[in-house]
Amino acid sequence: MEELLERMLAVDQEGESLVKSAEAEALKIREESTRALAEKSAAESRALAEECRILGEQILENARQKRSEALEKATRQLSPRGESFSRELEAYRPRLLKELLAL
């Protein structure tokens with residue numbers, strides 16, 4: 001009987017040892033997983049930040065190009081209108097000069 005109790009105690013101690021070992025291994029796995037996830041999250045954050053930077057530069061360059069094109073178009077459209085305005089103003093020049101000199 002005593003031998004049976006000793007064997008039961010040995011099995012119980014071995015079970016406790018296995019449980020402690022399993023708990024330590026689970027803790028180790030959890031810590032490694034947490035570290036790996038943190039590293040992956042940091043890497044993904046850096047990649048996302050770089051993509052956002054590139055996208056922002058592309059948007060800015062596109063806006064600059066559109067602004068330049070719009071300015072060129074406006075300049076082309078204003079040139080004939082400016083010449084027309086100058087011709088019309090030239091027709092009134094003698095009359096404007098007389099009026100200004102009369103002041």
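Just so it is clear, the model here is predicted, and its values are computed rather than measured. Reckoned from all heavy atoms, side chains included, excluding hydrogens, waters and symmetry mates.
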If I take atom [atom1] from residue [X] and atom [atom2] from residue [Y], how far apart are they, to the nearest 0.5 angstrom?
| X | Y | atom1 | atom2 | value |
| --- | --- | --- | --- | --- |
| Arg76 | Leu71 | CZ | CG | 10.0 Å |
| Arg7 | Glu2 | CZ | CD | 13.5 Å |
| Leu96 | Leu101 | CG | CG | 10.5 Å |
| Glu50 | Ser45 | CD | OG | 13.5 Å |

Review point. Do you know which two heavy atoms are closest between Glu57 and Arg53, and how far apart they sit?
Key: OE2-NH1, 2.5 Å

**Study point:** Heavy-atom neighbours of Glu69 CD exceed 12 at 6.0 Å
**Key:** yes

Practice item. Using a cut-off of 6.0 Å, state whether more than 12 heavy atoms not belonging to Glu39 lie near its atom CD. Key: yes

Determine whether [X] and [Y] make a side-chain contact, defined as any pair of heavy atoms from C-beta on separated by less than 4.5 Å.
| X | Y | answer |
| --- | --- | --- |
| Arg87 | Glu83 | yes |
| Arg64 | Leu60 | yes |
| Met8 | Asp12 | no |

Review point. Is it true that a side-chain atom of Ser33 and a backbone atom of Ile29 form a donor plus acceptor pair closer than 3.5 Å?
Key: yes

Practice item. Examine distances only and state if a side-chain atom of Ser17 and a backbone atom of Gln13 form a donor-acceptor pair shorter than 3.5 Å. Key: no

Practice item. Give the intermediate values and the outcome of side chain to side chain contact (heavy atoms under 4.5 Å, CB included) for residues Leu55 and Glu51. Key: CA-CA 6 Å; Leu55 183 60; Glu51 284 183 39; over 6 Å; no

**Study point:** Same apolar cluster: Ile54 and Leu48, side chain cutoff 4.5 Å
**Key:** no

Practice item. Report the C-alpha distance between Glu32 and Lys28 in whole Å, list the side-chain angles of each, state the deciding distance to 0.1 Å, and finish with yes or no for side chain to side chain contact (heavy atoms under 4.5 Å, CB included). Key: CA-CA 6 Å; Glu32 288 174 359; Lys28 181 181 171 185; 3.2 Å; yes

Check your understanding: Salt bridge between Glu99 and Arg95, side-chain N to carboxylate O under 4.0 Å?
Key -> yes

